[in-house]
Amino acid sequence: QVHLVESGGGLVQAGGSLRLSCAASGRTFSNYAMGWFRQAPGKERDFVAAISWSGGSTEYSDSVKGRFTISRDNAKNTVYLQMNSLLPEDTAVYYCAKAPRYYSTRNSVEYDLWGQGTQVTVSS
C-alpha cells in the first residue's frame, strides 16, 4: 500500500518561492499519475497540477500556469511542486494525491489516495 507525505510548506512573502515535496512509500509509485490540489479556508479543494506516470505530460490550472512546475523522480518515489512568483491568493493547504491510472487528470474524484497536506502561507 502506498502512503503519501507532503513537506516543504511554510510562510513566504509575495513574489517568493517554495518547493513542495510528496514522498510516497511503496514500490509501485512509478505506475501512477500524481496530482497537487489546494484548499483555502472556506473554499473547496481545487486542482493545481498533475503529472503522468513517466513525467512526460503535465497539466496546470490557469491560476498557476507559468508560475508553478510539477515534476517527479520515480527513483526517489517523490513528486515535487516548484512554486514561484507566489501570490497571497496561493495561500492554502496543499495536498498531493495518487490516481490509479497512467495519465494525469484534473478530476479530484479520480484520485484514490491523499496526503495529509502542508500549509502554504503567502504574505502581502
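Minimum interatomic distance between T69 and Y60 (heavy atoms only, all atoms of both residues): CA-OH, 3.3 Å. In plain terms, the two heavy atoms of T78 and A23 that are nearest each other are OG1-CA, 4.2 Å. Residues P88 and A14 approach most closely at CD-CB, 4.1 Å, considering heavy atoms. The two residues P100 and Y32 make their nearest non-hydrogen contact at CA-CD2, 3.9 Å. The two residues L4 and L113 make their nearest non-hydrogen contact at CD1-O, 3.5 Å. Between A24 and F29, the shortest heavy-atom distance links the atoms CB-CD1, 3.3 Å.
Taking CD of Q82 as the start and CG of L20 as the end, the distance is 9.0 Å to the nearest 0.5 Å. Atoms CZ and CZ, on F47 and R38 in that order, are 11.0 Å from each other to the nearest 0.5 Å. Rounded to the nearest 0.5 Å, atoms OG1 (T58) and CZ (R72) are 12.0 Å apart. We find the CE-OG distance between M34 and S71 to be 11.5 Å, quoted to the nearest 0.5 Å. To the nearest 0.5 Å, the span separating CD on Q39 from OH on Y95 amounts to 5.5 Å. Expressed to the nearest 0.5 Å, how far OG of S7 lies from OH of Y80 amounts to 9.0 Å.
Side chains of V79 and I70 form a contact here, defined as non-hydrogen atoms less than 4.5 Å apart. Between M83 and D90, the closest side-chain pair of non-hydrogen atoms is not below 4.5 Å. Annotation: side chain of T118 is in contact with side chain of Y94 (closest heavy-atom distance under 4.5 Å). Taking the side chain as every heavy atom from C-beta outward, I51 and S104 never approach each other to under 4.5 Å. The side-chain heavy atoms of C22 and W36, taken from C-beta on, include a pair separated by under 4.5 Å.
Under the 3.5 Å distance criterion, the side-chain polar atoms of S85 are left unmatched by any main-chain donor or acceptor of R67. Using a distance-only test at 3.5 Å, with no hydrogens or angles considered, no donor-acceptor pair links the side chain of Q116 to the main chain of V5. Looking only at distances, no side-chain donor or acceptor of Q13 sits under 3.5 Å from a matching main-chain atom of S123.
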Going through the distances and angles, do Q119 and T91 end up as a side-chain contact (heavy atoms from CB on, under 4.5 Å)? CA-CA 8 Å; Q119 176 71 47; T91 295; 4.0 Å; yes
I would like to know whether L18 and F68 meet side-chain contact (heavy atoms from CB on, under 4.5 Å); could you show each step before the answer? CA-CA 10 Å; L18 283 174; F68 291 10; over 6 Å; no
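Classified by interplanar angle (parallel below 30°, tilted 30° to 60°, perpendicular above 60°), the ring pair Y111/F37 is perpendicular.
When hydrophobic clusters are built by joining Ile, Leu, Val, Met, Phe, Trp and Tyr residues whose side-chain heavy atoms come closer than 4.5 Å, directly or via intermediates, V12 is grouped together with L81.
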